[in-house]
Number of protein chains: 2
Amino acid sequence: MQILTGEARQYYIKKYPIDDFFSFDIYPYLEVCQFDKGEWIFQEGSYPDTMYYMIEGKTKLYMTHKNGKVSLIEYLEAPRFMGEIELLNEARYTKGIQTVTTTICLSIATQACKEKLLADALFLRRLCVFLGEKATTMTSKYTQNQAYPLENRLAAFIQLSSDQGIYKEKHTEICEYLGVSYRHLLYVLAQFCEEKILEKQKHGYHIIDERRLNQLAQEIQ
Amino acid sequence: MQILTGEARQYYIKKYPIDDFFSFDIYPYLEVCQFDKGEWIFQEGSYPDTMYYMIEGKTKLYMTHKNGKVSLIEYLEAPRFMGEIELLNEARYTKGIQTVTTTICLSIATQACKEKLLADALFLRRLCVFLGEKATTMTSKYTQNQAYPLENRLAAFIQLSSDQGIYKEKHTEICEYLGVSYRHLLYVLAQFCEEKILEKQKHGYHIIDERRLNQLAQEIQ
DNA sequence: TTTAAAATATGAGATATCTCACATTATTGT
DNA sequence: ACAATAATGTGAGATATCTCATATTTTAAA
């Protein structure tokens with residue numbers, strides 16, 4: 001991680017103004033941070049003392065289970081907060097966050113302005129909306145996973161992540177995201193090819209039956 | 001649902017004071033409501049305009065999937081908010097909430113004091129903590145479900161819900177809560193009996209190998 | 001008290017998903 | 001350019017979980 005200063009700092013601060021999130025002047029408490037691709041922003045199990053507002057990039061939220069399984073819980077995309085729960089609950093154990101691309105964040109020195117933040121209705125209201133959405137999202141992911149087999153969830157994910165009719169995510173990552181084994185993911189992809197929904201190409205899978213894919217995805221909602 | 005007045009109202013308002021949640025006088029906006037056992041507080045799919053603070057009782061949060069499966073997402077226990085997300089997001093479709101026992105709630109007329117609530121840092125801070133916990137809980141439920149078979153999750157649930165060494169929840173409900181079929185729940189319970197962890201009695205299952213049960217439950221965390 | 005509805009129980013056969021072992025490509029660091 | 005590492009791909013056999021059918025018992029409503 002490197003802290004940007006001078007022109008670079010000014011560039012990002014101007015490009016992504018966030019003063020309307022707060023009813024006090026937040027700039028004295030800000031730093032602009034740049035994380036390299038693949039870098040860890042939060043180490044799993046640590047107790048962070050910084051809150052970030054991600055303005056450019058994409059990251060992954062991870063957790064490791066006692067049995068060694070790893071869950072890729074969510075992809076986090078700019079703009080959004082990270083480490084906000086730790087602001088509310090002292091010393092809360094955090095999950096791991098790793099960048100997918102080079103990522104630019106505004107870091108907010110919470111030790112210095114925690115009091116101000118927790119007394120600021122404007123900020124708190126926005127945080128409530130954000131946390132409410134997070135809770136709702138996790139709830140629906142939770143219930144969908146219970147109610148539908150991979151066939152449907154994968155169809156929905158392919159729709160979401162494909163670009164110009166091509167799906168080319170890394171299997172090793174997606175099986176962690178969808179919570180199934182690598183083997184099983186490949187089985188279902190093979191089955192989609194079998195059923196002529198996808199066609200395997202050199203680099204990625206080509207969607208050839210959009211309608212049927214949509215049908216499978218729609219069953220979820 | 002009936003609205004309590006007179007003495008009954010006074011009794012509950014005195015017994016569960018919540019003025020320290022707000023920095024303005026909330027009492028003019030409160031009603032004390034009593035719901036019978038089995039009554040629905042929110043109908044699934046409706047757009048509620050009331051927020052509740054449950055002070056006595058226990059309820060269940062439900063949702064129905066397109067494929068007809070029903071998920072019992074969570075048991076909600078007093079004291080806590082219900083319908084708070086709808087305060088933040090206009091016209092949000094709600095999940096269903098049904099009481100398990102007779103339930104007493106303070107209802108807050110949000111149409112009347114929404115502005116005040118959304119400008120009140122004291123209330124918003126508490127709401128943030130609540131929503132943050134909710135998000136964290138759902139996240140860990142989600143990942144646990146992905147990472148562990150029923151054997152472990154059921155062991156943990158039996159520990160949680162048993163009383164004096166006896167487990168006697170309704171199977172029909174618990175299979176929805178744990179997200180498995182009724183049949184499979186019975187299989188795993190039978191397996192626990194087979195392994196002498198539980199013993200089936202007339203009314204409920206008796207825990208006879210606390211240590212082994214704990215071991216299975218602990219694998220989750 | 002009788003009857004209908006809900007909850008409990010169990011068998012049998014199907015499917016979804018996992019584990020493990022191993023072979024074959026890509027990718028990446030030096 | 002080479003070696004090490006990561007990602008891909010496949011088979012075989014196990015396990016977790018589901019669906020459906022059907023019987024019995026318990027609970028609640030008329």
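Because the structure is predicted, anything quoted here is derived from the model rather than measured. Lettering follows sequence order; numbering is per chain, from 1.
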Contact letters for nucleotides 24-30 of chain C, in which S counts primed atoms plus P, OP1 and OP2 and B counts the base, heavy atoms under 4.0 Å: --S----
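In this entry the distance linking NZ of K200(B) with P of dA7(C) reads 16 Å, nearest Å. Note: CD (E176(B)) to C1' (dA7(C)) measures 12 Å, nearest angstrom. Atom-to-atom, NZ of K69(B) to P of dT17(D) comes out at 12 Å; the value is rounded to the nearest Å. Here the C1' atom of nucleotide dC18(C) and the CG atom of N67(A) are 12 Å apart, to the nearest Å. Between L185(B) atom CG and dT17(D) atom P there is a gap of 11 Å when expressed in whole angstrom units. If you take OH of Y148(A) and C1' of dT19(D), they are 16 Å apart, rounded to a whole angstrom. Taking atom CG of residue L154(B) and atom P of nucleotide dT17(D), one finds them 11 Å apart after rounding to whole Å. For L186(B) and dA23(D), the CG to C1' distance is 14 Å, given to the nearest whole Å.
Proximity of K170(B) to the phosphate of dA6(C): no side-chain N or O atom is located under 4.0 Å from OP1 or OP2. Side-chain nitrogen and oxygen atoms of T172(A) include none within less than 4.0 Å of the OP1 or OP2 phosphate oxygen of dA6(D).
Comparing P149(B) and K37(B) along DNA chain D, the residue whose closest nucleotide (by nearest heavy atom) sits nearer the 5' end is P149(B). Remark on DNA chain C: of its neighbouring residues Y182(A) and Y182(B), the 5'-side contact belongs to Y182(B), judged by nearest-heavy-atom nucleotide.
With distances taken from any side-chain atom of Y187(A) to the nucleotides dT19(C), dT8(D), dA12(D), the minimum falls on dA12(D). The nucleotide whose nearest atom lies closest to any side-chain atom of H184(A) is, among dA16(C), dC18(D), dC20(C), dA16(C). The side chain of R183(A) has dA12(D) as its nearest neighbour among dA12(D), dA9(C), dG11(C).
The shortest distance between side-chain heavy atoms of Y177(B) and F157(B) falls below 4.5 Å. At a threshold of 4.5 Å between non-hydrogen side-chain atoms, the residues I108(A) and E31(A) do not count as touching.
Cation-pi check for R9(A) over Y12(A) is not met; the charged atom does not lie both under 6.0 angstrom from the ring centroid and within 45 degrees of its normal. Annotation: cation-pi geometry satisfied between K58(A) and Y75(A) (NZ/CZ under 6.0 angstrom from ring centroid, within 45° of ring axis).
Residues K69(A) and E176(A) are not paired through a salt bridge, judged by the lack of any N-O separation under 4.0 Å between the basic side chain and the carboxylate.
Other residues, nucleotides and ligands place no more than 12 heavy atoms under 6.0 Å from the CD atom of E194(B).
Minimum interatomic distance between C105(A) and M82(A) (heavy atoms only, all atoms of both residues): SG-CE, 3.7 Å.
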